[in-house]
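Okay, so here's the structure we're looking at.
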Amino acid sequence: MSTDPPATGTVYGRGAATASSQELGLLERLHPAITAAIAAAVIGVSALGYMMWRSVSAAEPSAAAGPPTPGAAPPPAPSASPSPSPSPTGVTLSAGTWSLESADQSGSYVSRADGLAVIDPVDADSDAEDRREASLVVLAGLADSSCFTFRTADGRYLRHYDFRLRFDESDDSALFREDATFCAGTGSTADAVTLRSHNYPDRVIRHRQSKLWLDRPDGSEGFASASSFTVRSPLTS
């Protein structure tokens with residue numbers, strides 16, 4: 001009696017079911033709740049993958065944006081602070097040699113007497129030494145080039161010391177450079193200036209009678225006049 005070979009793919013046993021039909025029967029016998037859970041898990045994984053793809057795409061710069069359009073205005077750069085004007089409009093204070101006339105004492109000029117800064121009456125008939133003392137070399141400020149420093153012909157600098165104005169030789173210290181630097185502001189008249197201390201910006205040069213001091217403005221007209229000076233051609237010319 002001949003024996004035929006078994007049919008391929010057949011599992012011998014109860015019911016003689018094939019492997020594929022056996023698996024199908026297993027799925028059919030699963031509880032509907034388990035089947036729903038598996039489906040939900042598959043949908044959730046798919047949704048999570050989609051969301052991750054969207055977030056990565058949003059983070060990357062769009063290639064469609066391309067380079068800036070030729071001729072388009074660039075974004076505005078932050079504006080630099082304007083440099084302060086060396087002197088108010090209509091005033092000719094600048095580097096050179098000048099005389100500073102008191103705005104409220106016509107004919108009296110910033111000058112030197114015994115090493116101190118004063119205002120003295122000086123005119124064309126005054127002797128040469130008095131006229132020379134009232135003619136100051138004006139330089140860019142030692143501590144701030146937008147301000148001014150004043151020097152006599154023999155090399156002494158106008159500076160404040162204990163708020164008194166005087167003429168001293170430079171010791172080349174940072175303090176001296178600050179003390180000898182003054183910034184021009186608008187005076188009591190259109191052609192006058194005030195001279196504000198660089199390191200005491202709340203104080204300006206003003207005369208008390210003939211002496212020059214560094215004082216805080218009190219808002220009065222008298223103070224404004226006493227702290228204003230008109231720029232004149234040098235009296236030595």
Side-chain angles (χ1 to χ4, degrees), residues 83-161 164-173 175-201 203-207 210-214 224-237:
S83 299
S85 175
S87 58
T89 303
V91 177
T92 56
L93 185 60
S94 60
T97 302
W98 304 98
S99 295
L100 298 177
E101 182 181 19
S102 172
D104 66 346
Q105 292 193 21
S106 180
S108 292
Y109 294 82
V110 174
S111 186
R112 176 175 59 173
D114 299 325
L116 298 176
V118 296
I119 55 167
D120 270 350
V122 183
D123 58 27
D125 295 329
S126 300
D127 61 45
E129 180 64 18
D130 288 343
R131 286 185 281 115
R132 186 171 70 89
E133 293 290 350
S135 298
L136 302 175
V137 179
V138 181
L139 310 168
L142 295 180
D144 183 343
S145 61
S146 68
C147 299
F148 298 97
T149 289
F150 302 88
R151 190 183 67 197
T152 60
D154 63 356
R156 293 179 179 269
Y157 293 85
L158 179 67
R159 55 87 59 98
H160 63 83
Y161 187 89
R164 180 76 163 88
L165 274 296
R166 53 189 297 145
F167 288 92
D168 286 340
E169 293 182 352
S170 172
D171 61 12
D172 202 29
S173 66
L175 178 61
F176 186 96
R177 292 192 290 272
E178 289 282 349
D179 289 350
T181 300
F182 303 91
C183 302
T186 305
S188 59
T189 61
D191 60 348
V193 294
T194 58
L195 296 172
R196 175 174 51 84
S197 168
H198 188 266
N199 54 348
Y200 288 91
R203 293 175 180 262
V204 297
I205 298 176
R206 76 140 171 180
H207 71 81
S210 65
K211 299 176 182 179
L212 290 174
W213 294 83
L214 208 58
S225 296
S227 60
S228 296
F229 302 91
T230 306
V231 182
R232 301 295 188 193
S233 297
L235 294 176
T236 52
S237 59

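Just the heavy atoms: all of them, side chains too, but no hydrogens, waters or symmetry mates, feed the values below.
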(Q) Using modelled atom types and a 3.5 Å cut-off, is there a donor and acceptor pairing between side-chain atoms of Ser228 and backbone atoms of Ser188? (A) yes

Q) Is there a donor in the side chain of Ser197 and an acceptor in the side chain of Asn199, or the other way round, less than 3.5 Å apart? A) yes

Q) Rounded to the nearest 0.5 Å, how far does CZ of Arg206 lie from CG of Leu165? A) 12.0 Å

Q. Can any side-chain N or O of Ser99 pair as donor or acceptor with the backbone N or O of Leu235 at less than 3.5 Å?
A. yes

(Q) Whether the side chain of Thr97 engages the backbone of Pro234 through a donor-acceptor N/O pair (distance < 3.5 Å, no angle test) should be reported. (A) no

Q. Taking all atoms of both residues into account, what is the closest heavy-atom pair of Leu158 and Phe182, and its distance?
A. O-CE1, 3.5 Å

Q) Donor-acceptor pair, Arg203 side chain versus Leu214 backbone, under 3.5 Å? A) yes

Q.
Looking at every non-hydrogen atom in both residues, tell me the closest pair between His198 and Cys183 and how far apart they are.
A. CD2-SG, 3.9 Å

**Q.** Geometric cation-pi criterion Arg164 and Trp213, 6.0 Å radius, 45° cone
**A.** yes

Q.
So that I can tick it off, tell me whether Arg112 and Asp154 are bridged by a salt bridge, with the cut-off set at under 4.0 angstrom between side-chain N and carboxylate O.
A. yes

Q: Without swapping roles, check the side chain of Ser111 against the backbone of Asp120 for a donor-acceptor pair under 3.5 Å.
A: no

Q | NZ/NE/NH1/NH2 to OD/OE distance under 4.0 Å, Arg131 and Asp123 | A | no

Q: Kindly give the heavy-atom pair with the smallest separation between Phe176 and Asp168, and that separation in Å.
A: CZ-O, 3.8 Å

Q: Kindly say whether Ser102 contributes a backbone atom to a donor-acceptor pair with the side chain of Ser108 at under 3.5 angstrom?
A: no

